[in-house]
Peer 1: 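Before anything else, here's the structure in question.
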Protein chains: 2
Amino acid sequence: MPWEKQFDKQAALDKALQAFWTRGYEATSMQELVDCTGVNRGSLYATYGDKRALFISALHMYDDARRRMLSEFEARYPPRDAIRRVFLSFMTGLTEDGSNRGCFITNTALELAAHDAEIRDIVATAQQDVEDFFKRMVKCGKAAGNIADHVKPADAARGLLASLLGFVVLVRSRPEPALLQGVLSDALRRLD
Amino acid sequence: MPWEKQFDKQAALDKALQAFWTRGYEATSMQELVDCTGVNRGSLYATYGDKRALFISALHMYDDARRRMLSEFEARYPPRDAIRRVFLSFMTGLTEDGSNRGCFITNTALELAAHDAEIRDIVATAQQDVEDFFKRMVKCGKAAGNIADHVKPADAARGLLASLLGFVVLVRSRPEPALLQGVLSDALRRLD
DNA sequence: ATTTGTCTTGAACAATCGTTCTAGACTCTC
DNA sequence: GAGAGTCTAGAACGATTGTTCAAGACAAAT
């Protein structure tokens with residue numbers, strides 16, 4: 001029974017995730033992944049498979065974190081605040097180190113979803129999941145009384161999803177705080 | 001004064017645009033561009049410069065078409081309808097040949113804008129231009145009486161821009177007509 | 001008809017791509 | 001300590017990347 005793996009699989013995968021998130025799939029070479037993970041070429045292939053498989057693993061890791069985030073927001077905050085915090089969560093990466101990476105899933109949606117069925121499924125499921133989250137929050141907010149009665153949860157949820165996707169596009173391409181704040185305010189105005 | 005160019009520069013550039021639009025910058029090789037334009041490697045370089053310069057030329061060509069489209073909508077249609085038609089214009093490529101390419105500028109926003117200042121400027125200007133278009137349309141619609149009085153043009157325009165960007169993300173990643181129609185209806189509900 | 005100068009052509013460039021393979025290093029079991 | 005088996009290390013694979021170059025093809029000017 002010889003020898004465990006010498007590197008932290010999760011930590012290495014997270015490093016790879018950061019690289020893919022920052023530069024995208026095509027623009028990130030295996031050499032860069034070897035460098036940034038600190039894991040040798042052979043070990044990378046032995047552990048995760050080829051580049052595409054490594055990317056999908058990273059995408060799943062990101063998606064799991066997203067799922068946990070939504071659960072936490074749903075449990076901790078009143079519905080309207082939970083919705084607002086989802087938007088804000090994509091702005092935090094903005095000030096951390098100056099790099100504007102936006103949402104990894106949305107970046108992937110535009111780069112790969114159109115040509116890769118498996119990736120499209122992951123992206124679509126994540127988007128649907130966010131939409132469902134919004135729908136639950138709107139319903140819940142209406143019950144609590146701080147979201148207007150005339151708002152239809154299903155319609156508002158779809159609209160909020162689109163606003164969120166547009167928001168993360170702007171985070172990556174035009175990260176001006178005033179613009180992002182304006183978009184967020186207008187998106188939430190839907191609930192009044 | 002010897003010899004004009006033997007191929008149609010505009011036609012070749014349009015072919016290149018289609019390729020970049022479909023697959024993105026990194027995933028489109030010079031070999032593919034040679035094949036799909038029908039123009040020889042050397043001529044491609046002599047005419048447009050390197051790959052990045054060719055891409056930027058294609059981006060400008062697309063951006064000019066977008067600008068003409070907005071002008072036409074602004075001249076021909078009542079404001080609310082003009083706004084709606086901007087959204088719909090990104091759905092047409094959907095049914096034409098089944099390929100869902102979305103918006104070339106938005107695809108580029110996520111792939112390259114974060115790491116290339118010149119491209120970021122083109123993208124940002126285009127986004128600003130659409131926002132300004134929306135603002136004019138909202139103002140105009142309020143004056144005409146078919147957009148509600150309480151709507152603030154600047155805020156609504158930013159919100160519409162985000163909704164549009166989200167819309168085109170969905171066109172490329174989850175092109176279900178019902179979903180897109182729902183997003184569009186909800187975006188326009190802002191104006192009631 | 002020769003010259004002139006741009007255009008086209010396709011081979012060729014070095015560099016990098018994703019991937020594989022062969023040694024050697026190491027930890028465990030017997 | 002010998003053997004077994006998985007891990008690491010880095011060279012090496014052929015293919016493809018973006019780009020350049022030298023030679024030939026062509027239309028206009030002399």
Peer 1: Any Lys/Arg nitrogen of B:Arg174 or A:Glu131 sitting under 4.0 Å from an Asp/Glu carboxylate oxygen of the other?
Peer 2: yes
Peer 1: B:Arg23 has an atom CZ; how far is it from atom P of D:dT17, in whole Å?
Peer 2: 11 Å
Peer 1: In whole angstrom, what separates B:Asn40's CG from D:dT19's C1'?
Peer 2: 13 Å
Peer 1: Does D:dT16 have OP1 or OP2 under 4.0 Å away from a side-chain N or O of B:Ser29?
Peer 2: no
Peer 1: C:dT9 P sits how many Å from B:Leu44 CG, rounded?
Peer 2: 12 Å
Peer 1: Looking only at N and O atoms, is any donor in the side chain of B:Arg41 or the base of D:dT19 less than 3.5 Å from an acceptor on the other one?
Peer 2: yes
Peer 1: Roughly how many Å is it from OH in A:Tyr45 to C1' in D:dG10, rounded to a whole number?
Peer 2: 14 Å
Peer 1: Check whether any side-chain nitrogen or oxygen of A:Ser43 sits under 4.0 Å from OP1 or OP2 of D:dT8, and answer yes or no.
Peer 2: yes
Peer 1: Is the shortest heavy-atom distance from the side chain of A:Arg66 to the side chain of A:Ser89 under 4.5 Å?
Peer 2: no
Peer 1: Rounded to whole Å, please give me the gap between CE in A:Met30 and C1' in D:dA12.
Peer 2: 16 Å
Peer 1: Closer to the 5' end of DNA chain C via nearest nucleotide, is it A:Glu32 or B:Gly38?
Peer 2: B:Gly38
Peer 1: Does DNA chain D take part in any stems of at least 3 consecutive Watson-Crick or G-U pairs (both distances under 3.5 Å), and if so, which ones?
Peer 2: C:1-6 with D:25-30, C:8-23 with D:8-23, C:25-30 with D:1-6
Peer 1: Is there a donor in the side chain of A:Gln128 and an acceptor in the side chain of A:Asp132, or the other way round, less than 3.5 Å apart?
Peer 2: yes
Peer 1: List for me each residue that meets ring-ring contact (aromatic ring centres under 6.0 Å, His included) alongside B:Phe73, sequence neighbours excluded, and say none if there are none.
Peer 2: B:Tyr77
Peer 1: Do B:Arg67 and B:Asp63 meet the salt-bridge criterion of a basic N to acidic O distance under 4.0 Å?
Peer 2: yes
Peer 1: Residues two or more places apart in sequence or in another chain: which of them pass side-chain contact (heavy atoms from CB on, under 4.5 Å) with A:Pro79?
Peer 2: A:Met137, A:Cys140
Peer 1: Take the protein atom NZ of A:Lys51 and the nucleotide atom P of D:dA15, then report the distance between them rounded to whole Å.
Peer 2: 19 Å
Peer 1: Take atom CG of B:Leu33 and atom P of D:dT19, then tell me their distance rounded to the nearest Å.
Peer 2: 11 Å
Peer 1: Look at the side chain of A:Gln31 and decide which nucleotide, out of D:dG18, C:dC17, C:dG18, has an atom nearest to it.
Peer 2: C:dC17
Peer 1: When the ring centroid of A:Phe104 is compared with that of A:Phe55, is the distance short of 6.0 Å?
Peer 2: yes
Peer 1: Check the distance between D:dT19's C1' and B:Leu54's CG and give it to me in whole angstrom.
Peer 2: 13 Å
